[in-house]
Amino acid sequence: MSAARPTAPRVPVRIFPDSEQASVQVARELAAFIRQRAQEGRPAVLGLATGSSPTRVYEELVRLHREEGLSFQNVVSFNLDEYFPMAPDSLQSYVRFMREYLFDHIDIKPENVHIPDGTVPADQVAEFCRRYEEQIREAGGIDWQLLGIGRTGHIGFNEPGSGAASRTRLITLDHITRTDAASDFYGEENVPRRAITMGVGTILEARHIVLLAWGEGKAAVIKRMVEGEPTDTVPATYLQHHPAVQAVLDEAAAAELSSRKTPWLAGQPCNWHEAAQVRKAVTWLARLVEKPILKLTDEDYNENGLSDLLAAAEGQAYSLNIRVFNELQHTITGWPGGKPNADDTHRPERAAPFPKRVLIFSPHPDDDVISMGGTLLRLVDQGHEVHVAYQTSGNIAVFDDEAIRFADFVADYDEAFRFDDQPAETLYQRVADFLKNKQPGQVDSDEVQQIKGLIRRGEAKSALRYAGLDPETRAHFQDLPFYETGRVRKKPLGEEDIQLTINLLNRLQPHQIYAAGDLSDPHGTHRVCLAAIFEAVRRLKAAGTPWLQDCWVWLYRGAWQEWDVAQIEMAVPLSPQELTRKRRAIFKHQSQKDRPLFPGADQREFWQRAEERNRTTARLYDQLGLPEYEGIEAFVRWHF
């Protein structure tokens, strides 16, 4: 098998290290445009998007308004879409979304705000859509259009099949789109089946278009949009026809682009003195030609676009193969906390100190065992002082009937043991009445939120006991405030979140930190939790904190996606017995068993996903000629 030449980019891209930097830059460029139009005495007509991608852009625009005097008096806005039917004050309404994230915090004139109306009678929708198009024309057309992109390649709610000339209209939502929206509506059955959306043709008439995409979960569709042929099965590919469009991406969303994944095929300059680049190329080649690394030949390199790499290695495939093979072999360790009294020259973790004080950050109450349960068990078995910090309560991911079941249990427990049963019975009745009358998507009462949080806390404690840890001393429930809204939509990372993280780190002073680097989490919780850790560590470093000098930070994935084999810096092998133990630890989280409330795009249970990823990583190591294991958990070190 030989490598095909990649298609050249058909949409200009800008790639940033992370979504934070990208969002701030886009916001500043948009602010500059608004100011320029104001100086010219002209309106700035903006097309605005909703969803998780633009939220940080809106937050920065609000900051620029409050702190730097950015005025929106000259702004006229047109939103892309709205669910239908949808009341404007509903939690999932895009009217409410725009007010909460932007409009309530700036000085835009209410009469200049236009959002599709989800309350229009069905027989009047066509006329409403015609008038929406007319309003855009009357405003002079959209100057600056902000877009996100769905996994199906939809822009706005233009699902696969939408033509390049389509206009604002009522559309039936694709099953994948409804599945992706299920978390916002507390279940797919509550997601509206239709929406009003600007058409592809309407979007393409904007003078300038910026499309935002963050995270590994968008990488595949971004590749199709940027490098694929224009097709109505991926409506975003029609952006290739636009003369002034940009895709603004973070590194994760850009990962599948040829310029990033196989730059040697895309004509990009490659630094063959950089070990990571060499490892990426050699492992790619081995998988392409289906050979173990040590069997790669000069012909394999020359015939698949890697002649420059071979030349940099002085034409010696044999020595190059051995070098990369040894690098991968050195990632494998059965001692994730370091092996005591051993030569650690070629081990991923240092031998001393031993035992280590280890702090595992778990964004949700089950991420620790799902993503690195085997490593957690190994650390405990090998005598390290292991602590787990549960960053959020995870309370929204509990079904209502579980809350009723536990409230009922407490009432029966009080009665059975002759406690004062009246308060418990009263609580049960209040909870039962609330949930009986609860509307789809309605925020839980404080009592119900607390019960659901306690359910998840109890499950986390049970999993730790199974792992051999005392939850009274080793479990740390942070309940970071950004999460505690009772809704899928969370608050931005705040100072209190960061301070709680700093305080815990200073109290424990760990030698090892494990954190979730799995940014494909569709709800964004992992991303915010990781940002809290990163900011806390940066501040501690800037303050010259002594204990941090002897602390290493390892990032895990696994719940949604796994590290690529070329990125892995520590690979912890799992035997069949260890994989079974990990599964049993995951099973302690009973509220997430059988049918998680928020499964995301993958409908399998979390233990099934985790095992499949662990086995896939092990198979890749095996195929590259390395030892064969039942499973492998993978980690990348953050060199802060």
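Reckoned from all heavy atoms, side chains included, excluding hydrogens, waters and symmetry mates. Computed from a predicted structure; not experimentally measured.
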### Query
With Asp18, which residues qualify under side-chain hydrogen bond (donor to acceptor under 3.5 Å, both in side chains), at least two apart?
Gln21
Under 3.5 Å donor-acceptor, [X] side chain and [Y] backbone:
| X | Y | value |
| --- | --- | --- |
| Glu133 | Thr168 | yes |
| Glu205 | Ile142 | no |
| Tyr94 | Asp81 | no |

#### Entry: Test: Arg99 cationic atom under 6.0 Å from Phe103 six-membered ring centre, within 45° of axis
no
### Task
Check the pair Arg35, Asn74 against side-chain hydrogen bond (donor to acceptor under 3.5 Å, both in side chains), reporting the backbone distance first and the verdict last.
CA-CA 9 Å; Arg35 287 187 172 115; Asn74 68 317; over 6 Å; no
#### Entry: Flag for His154-Thr177: side-chain donor and acceptor within less than 3.5 Å
yes
#### Entry: Glu227 and Ser258: side chain donor to acceptor below 3.5 Å
yes
### Query
With sequence neighbours left out, what residues match Lys291 under salt bridge (charged side-chain N to carboxylate O under 4.0 Å, His left out)?
Asp300
#### Entry: Salt bridge flag under 4.0 Å for residues Glu29 and Arg14
yes
### Query
Charged N to carboxylate O below 4.0 Å: is that the case for Arg131 and Glu134?
yes
### Message
side-chain hydrogen bond (donor to acceptor under 3.5 Å, both in side chains) for Ser23 and Glu60? Distances and angles first, verdict last.
### Response
CA-CA 8 Å; Ser23 297; Glu60 178 64 12; over 6 Å; no
Tell me, do [X] and [Y] make a side-chain contact under 4.5 Å, heavy atoms counted?
| X | Y | result |
| --- | --- | --- |
| Trp272 | Val278 | yes |
| Leu30 | Leu46 | yes |
| Phe72 | Leu61 | yes |

### Query
Is the Trp144 ring parallel, tilted or perpendicular to the His208 ring (thresholds 30°, 60°)?
tilted
